[in-house]
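Everything below concerns the one structure shown next.
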2 protein chains.
Amino acid sequence: MSKISSNPVGHGSTDVRDRILETASKLFYKQGVRAVGVDLVVDKAGVAKTSLYRHFGTKDDLIAAFLEREDQDFWGQWDRVAAKYEHDARAELDAHLGWIGERVGRPNYRGCPQINVAAEFPEADHPARKVAETHKREMRRRLKAIAERLDVAVPDELAGQLSVLVNGAFVSSQIFEPGEATPLLRHAAEALISAGRSSNRIDL
Amino acid sequence: MSKISSNPVGHGSTDVRDRILETASKLFYKQGVRAVGVDLVVDKAGVAKTSLYRHFGTKDDLIAAFLEREDQDFWGQWDRVAAKYEHDARAELDAHLGWIGERVGRPNYRGCPQINVAAEFPEADHPARKVAETHKREMRRRLKAIAERLDVAVPDELAGQLSVLVNGAFVSSQIFEPGEATPLLRHAAEALISAGRSSNRIDL
DNA sequence: GTGAGAACAGACAGGTCTGTAGCACTGGAG
DNA sequence: CTCCAGTGCTACAGACCTGTCTGTTCTCAC
């Protein structure tokens, strides 16, 4: 279908869809997905409920779209940072832990959206859960790619440890002192990498 | 019916209260708190709704009681293990990572209840949130007590790192291979402790 | 036996939720 | 100018939710 023009507030512009998704994302993240009804979303977005259901057939689909959006934002930030350290995996990792630690320490930080939504929807076949699971596996995959450039004995284990560390940071914001997260994560990563290099990994 | 020898406690027996709390705990953990209505709880527990509201004034109170129960179970297990290693902090930590890793790998593991509920109820004044926050801080407090027996330069930082690790394990069960969690956690703890002992911690 | 407390059973009130339907408006394409 | 897809607005259906109320039964204590 056309929908190509998409130019400013024209006709079939995607303006309305974007506004719905952005509004829903903010509300979902801040208040929790189940706590936010579609009526609230359409009210805050200033659109008609009909429009919401035309662009997203179901609330569940809207939730999945929310997570996909967050996923894209997250990896967008990741890629932007990664691009600066193409030749230095160690520096790249530190940089990631830097912005992640900073993000975790923000005043209104409410945890990782993927994890939060997975906690709210245990049903394995929920569309949003698939996005969340893909997100977590992608995290480990990317960390493994970094670990493989770090000259450690078992890159996959280091990747697993770093994944746990990062996921842990996402859910531990409550226990951090201000500004504590990033150095804590960096020191931990340093320790894990050092241990992975020294070859005392012969035992089980 | 029988009500099996409702016996001694006879009248004000806590039998009903326990049954409600246990049933609710299972359902809440498995399906999520918001997804489970009180009607389902009373039905599965085989009690009258009046009884639920007599013992727990509110669903929110029932949720808080659920988390308190989980909290007690968790620290009960912790204490049982800790008692075996009173004189060996290193072995105690390994033992904790052992049962935590095992628990995380169970087939129906659905994450830490405290974290899940906190994700479902962002409102800071929700009674269940207070239980959850207390739980997380208690975790760091206990890990700090262990770290202080481990001859590391900055026990508080190690405690923070171990807390992140444990919380991370709770939310990362999806990315673990079967049986992977415990050794991964133990190797990580080993690395963190080693790094905390070597005195290259003079920098910031 | 009698009264009190606890539990059961079921209906109900009042609200919220998702999702749908009907009708009017608008602005660009032909 | 005339279509017409996209949008807004309102009302509604049907389900579900929390919490309350009434009425009945059971068991213990006295």
Side-chain angles (χ1 to χ4, degrees), chain A residues 1-24 27-28 31-66 117 120-123 126-128, chain B residues 1-24 27-28 31-66 117 120-123 126-128:
Chain A
M1 305 269 136
S2 60
K3 189 164 287 193
I4 319 167
S5 57
S6 78
N7 56 349
V9 201
H11 213 199
S13 97
T14 60
D15 190 43
V16 172
R17 187 181 193 277
D18 287 349
R19 194 149 28 115
I20 294 170
L21 185 50
E22 186 175 332
T23 306
L27 292 170
F28 285 167
Q31 306 183 31
V33 171
R34 287 194 118 113
V36 172
V38 291
D39 284 329
L40 180 61
V41 174
V42 302
D43 183 59
K44 292 278 186 187
V47 301
K49 202 194 280 196
T50 337
S51 300
L52 187 152
Y53 277 97
R54 192 178 7 221
H55 288 290
F56 310 90
T58 280
K59 189 191 176 184
D60 286 346
D61 294 339
L62 177 60
I63 301 166
F66 155 55
V117 170
E120 283 196 88
F121 297 90
E123 314 92 25
H126 192 287
Chain B
M1 291 258 154
S2 75
K3 171 141 347 163
I4 329 180
S5 74
S6 53
N7 73 337
V9 223
H11 225 193
S13 129
T14 60
D15 191 41
V16 173
R17 186 183 194 275
D18 287 349
R19 193 151 24 113
I20 294 169
L21 186 50
E22 186 175 332
T23 306
L27 293 171
F28 284 167
Q31 306 184 33
V33 172
R34 286 194 120 115
V36 172
V38 292
D39 283 331
L40 180 61
V41 174
V42 303
D43 184 60
K44 293 278 185 188
V47 302
K49 202 193 282 196
T50 346
S51 301
L52 187 150
Y53 278 97
R54 181 144 18 98
H55 288 290
F56 309 90
T58 279
K59 189 192 177 184
D60 285 345
D61 294 340
L62 177 61
I63 301 166
F66 156 55
V117 171
E120 282 196 89
F121 297 90
E123 314 92 28
H126 193 287

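Numbers restart at 1 for each chain; the letters A, B, ... are given by sequence-line order, proteins then strands.
- Proximity of B/Arg54 to the phosphate of C/dA6: no side-chain N or O atom is located under 4.0 Å from OP1 or OP2.
- The side chain of A/Thr50 lies closest to C/dG22 when the candidates are C/dC8, C/dG22, D/dT18.
- Nearest approach of A/Val41 to A/Thr23, heavy atoms of both residues: O-CG2, 4.0 Å.
- With hydrogens and angles ignored, a donor-acceptor pair under 3.5 angstrom links the side chain of B/Lys49 to the base of D/dG19.
- Atom C1' of nucleotide C/dT18 and atom NE2 of A/His126 are separated by 13 Å, given to the nearest angstrom.
- Minimum atom distance to the side chain of A/Val16 is reached by D/dT7, of the listed C/dG19, D/dT7, C/dC8.
- Rounding to whole angstrom units, OH of residue A/Tyr53 and P of C/dG22 are separated by 18 Å.
- Going from atom CG of A/Leu52 over to atom P of C/dT20 covers 11 Å, rounded to whole Å.
- Sequence order on DNA chain C of the closest nucleotides to A/Ala35 and A/Gly57 puts A/Ala35 first from the 5' end.
- Between B/Asp39 atom CG and D/dT20 atom C1' there is a gap of 13 Å when expressed in whole angstrom units.
- Between A/Arg19 and A/Val47, the shortest heavy-atom distance links the atoms NH1-CG1, 3.9 Å.
- Atoms CZ (B/Phe56) and C1' (D/dG19) sit 16 Å apart, rounded to a whole Å.
- Side-chain atoms of B/Glu120 do not come within 3.5 Å of backbone N or O of A/Gly32 as any donor-acceptor pair.
- With D/dC9, C/dC8, D/dG19 as the candidates, the nucleotide lying closest to the side chain of A/Ala48 is D/dC9.
- Between the CZ atom in B/Arg54 and the CZ atom in B/Arg17 there is a gap of 12.5 Å [rounded to 0.5 Å].
- The shortest distance between the side-chain N/O atoms of B/His55 and the OP1/OP2 oxygens of C/dA7 is below 4.0 Å.
- Residue B/Asp60 contributes atom CG, which lies 15 Å from atom P of D/dC17 at whole-angstrom precision.
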